[in-house]
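What follows is a short report on a single structure.
Only heavy atoms go into these numbers, but all of them, side chains included; no hydrogens, no water, no symmetry mates. Letters A, B, ... are given to chains in the order of the sequence lines, protein chains preceding strands, and every chain is numbered from 1. None of the values given here were measured: they were computed from a predicted structure.
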Amino acid sequence: MRKILAYIMTIVTQIKLATEEAIQHLFPETDLKSATITINQTKPEFKGDYTVVLFPFVKLLKQKPDAIGKTLGDYLLEKTNLFSEYGIVSGFLNLSIKDEYWAKFLVNHYNDTQYGLKAKEDVRVMVEYSSPNTNKPLHFGHLRNIFLGFAMAEILKANGKQVVKGNLINDRGIHICKSMVAWMRYADGATPEKRGIKGDHLVGDYYVKFNDVYKAEIAELKEKGIDEAQAEKEAPIMKEAQALLRQWEAGDKGVRDLWQMMNSWVYEGFDKSYKRLGVDFDKVYHESDTYLLGKTIVEEGLQKGVLFNKEDGSVWVDLTADGLDQKLLLRGDGTSVYITQDLGTAKLKYEDYKLDQSIYVIADEQNYHMQVLKLILKKLGEPCADGIYHLSYGMVELPTGRMKSREGTVVDADDMMDEMINLAQQQTEEAGKTEGYTAEELKHLYETIGMGALKFYLLRVDPKKKMIFNPQESIDLHGFTATFIQYAHARICSILRKENLPLLPDNRHFQSFRLSLPIATAEKNLVLALEQYPFILEGSAIEYNPSSLCNYSFLVAQLFNTFYDEHSIAKAENEEKKQLRLMMIVMTAEVLRNAMHLLGIRLPEKM
RNA sequence: GGCCCGGUAGCUCAGCUGGAUAGAGCACCAGCCUUCUAAGCUGGGGGUCAUUGGUUCGAAUCCAAUCCGGGUCACCA
């Protein structure tokens, strides 16, 4: 309990409260809102750790900023035990935190595996991510989705939420029928085993084949003088696919069997990819099970008068009052459209798990769709509506534009993983760092480095921004990368090994520690950053933004590297400094492991 | 055209609930390995924060307009 309280009281919060209290005490007649108090980290060119901005008080207190600063600084120094000194530079009160505070902070938290984590609360959240179609293998764009979803789920867990990782597989529809047609026409009974490739790739190959043939057939029809739109409708292979879809909907045994077989190939392939990606799901929904849902909701909506019929019997909702359009919910023949099943699935999820929140990780091309979905559910009075949150992310594009699986201009996810792992191997060998490992350990190391780099690359950018990936330029392993963070971690582990200490040494090792010497700048910068971790972790959950953990972890690794370069740990000036620094690096490694773990990135002990 | 999102160094991006001289990485230049892992560290050059106006003691950050780029507005999913 004590520890949890300590987390909440970050140093910034303490300064804020102390300042508020001080102002109220010094100027009892003023009406101060705590929101006007701004605490920043002091700029490196000035002395101090944290800074109170004085300008907001000027009008309120009718005094010059520097005068307020002096009164405030004197008071804070005298009445609290936090500060060693203060300085005032043109409207900014720069406070120096006592070294004892940082020492105590380290002693309390250096080996705390729960540092930054929040107590469990009864808030249930589903994060739906990945949600692939079963007609083609995963590509680079899916990877952004998958990493984001996984990371977001883990971050929410760390913030105390009960999280269900969900996957809604789009296993039915015209797209899979296209692969099926092409397979029937051209595969000659090919299976993943016979062809020696992953099932998702096999099925994807026939999807591409379909489109090649389709194009050729359209060209042929056009030569016969049929116009393009007509040719697109009449191409035999397309008609076959549509016929197949009708047979599927009618429950035709043969079609269903083929469908089942090809989907099972895809699932085997996906499972291999997911496993390699290190992601998992607690609940998998299939659209073949859920696509008929939602009709009852629509019926109820009609009865309530929220929805209306058109002459042909189709059902619509009018969203023009909300600045949107009219939207079709059921076709004239009574069949559902995309959004109908989403209405049903939203309700299903809600009822399955009593969700407080339902997060959809979906690309930003569906912003409108998700807005409409939430609005309709709200109009229908469905309780699941309020919890819906669209975690929208920008699409991954190539320098030549969007990836198109129909045209085969996609960067395949499995290939990308192979390439990254190869790159890790190549660079490790070039650096001559392969000594002292078994072949098995090396393989594992290359995977840790390669997959780490890939994940970090896709997670380090603000989700809502689109990204352009140039396949010609391989993903870097220097600078702002997972490798950089992994390297800092490996260095720390190396030091601990040489000191015969475990990764998380217990308090016995530091019992004699007493602070008597001042904490150096490079030391303090690192400790200051470590103290901010709970705040960063909380922020990444509130903002639904894993990239803040990337930025933060990189900063910590950078501060560690500077510190490491400047101060020896093994050969510290004396035992006190050695113990202080050991606690610092133990905590640094633990915070980095914790943060990276939430992103699905492993940190090796040696590299 | 309506609605939504983006525009910060040559490139990729932080910073955006307003605070000090706008920061990283890559690339480029110059240094640093008899000392805990040089996948590292230190320093340097490089900016009209798209433009214009407004609010404010103070604007990359908030507001408005404009320009550029993207998305979307299907009885597709």
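For the pair A/Arg172 and A/Tyr291, the cation sits on the ring face: its NZ or CZ lies under 6.0 Å from the ring centre, inside 45° of the axis. Annotation: cation-pi geometry not satisfied between A/Arg144 and A/Tyr393 (NZ/CZ under 6.0 angstrom from ring centroid, within 45° of ring axis).
A/Asp66 contributes a side-chain N or O that, together with a main-chain N or O of A/Gly91, makes up a donor-acceptor pair within less than 3.5 Å.
For A/Phe456 and A/Phe484, the ring centers sit 6.0 Å or farther from each other. Residues A/Phe92 and A/Phe46 place their aromatic rings such that the two centres sit no closer than 6.0 Å.
Across the strands present, B/rG6 finds its partner in B/rC68; the criterion is a Watson-Crick or G-U wobble pair with both atom distances under 3.5 angstrom. Pair assignment for B/rC36 gives none, since no Watson-Crick or G-U wobble pairing has each distance under 3.5 Å. When both distances must be under 3.5 Å, the Watson-Crick or G-U wobble mate of B/rC62 is B/rG54.
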Counting primed atoms, P, OP1 and OP2 as sugar-phosphate and everything else as base, the B/S/- map of nucleotides 3-17 of chain B against protein heavy atoms under 4.0 Å is ---SS----SSS---
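Side-chain atoms of A/Thr481 stay outside donor-acceptor range of the base of B/rA39, with no qualifying N/O pair under 3.5 Å. Below the 3.5 angstrom threshold, one finds no donor paired with an acceptor across the side chain of A/Lys606 and the base of B/rU37. For A/Asp565 against B/rA38, no side-chain N or O and base N or O form a donor-acceptor pair under 3.5 Å.
Phosphate contact (OP1/OP2 of B/rA20, side-chain N/O of A/Thr42, threshold under 4.0 Å): absent. Residue A/Lys327 places none of its side-chain N or O atoms closer than 4.0 Å to OP1 or OP2 of B/rC73. Close to B/rC36, at under 4.0 Å from its OP1 or OP2, lies no side-chain N or O of A/Arg497.
In this structure, the NZ atom of A/Lys178 is 11 Å from the P atom of B/rA77, given to the nearest Å. If you take CD1 of A/Ile88 and C1' of B/rA20, they are 15 Å apart, rounded to a whole angstrom.
For B/rC16, the base adopts the anti conformation, since its glycosidic angle falls more than 90 degrees from zero.
The residue among A/Leu330 and A/Thr51 whose nearest nucleotide of RNA chain B lies closer to the 5′ end is A/Thr51. Between A/Ser494 and A/Gln558, the residue anchored nearer the 5' end of RNA chain B, judged by the nucleotide with its closest heavy atom, is A/Gln558.
When the nucleotides B/rA38, B/rG40, B/rC76 are ranked by their closest atom to the side chain of A/Arg331, B/rC76 comes out on top.
Here the separation of B/rU34 from B/rA20, taken at their P atoms, is 42 Å to the nearest Å.
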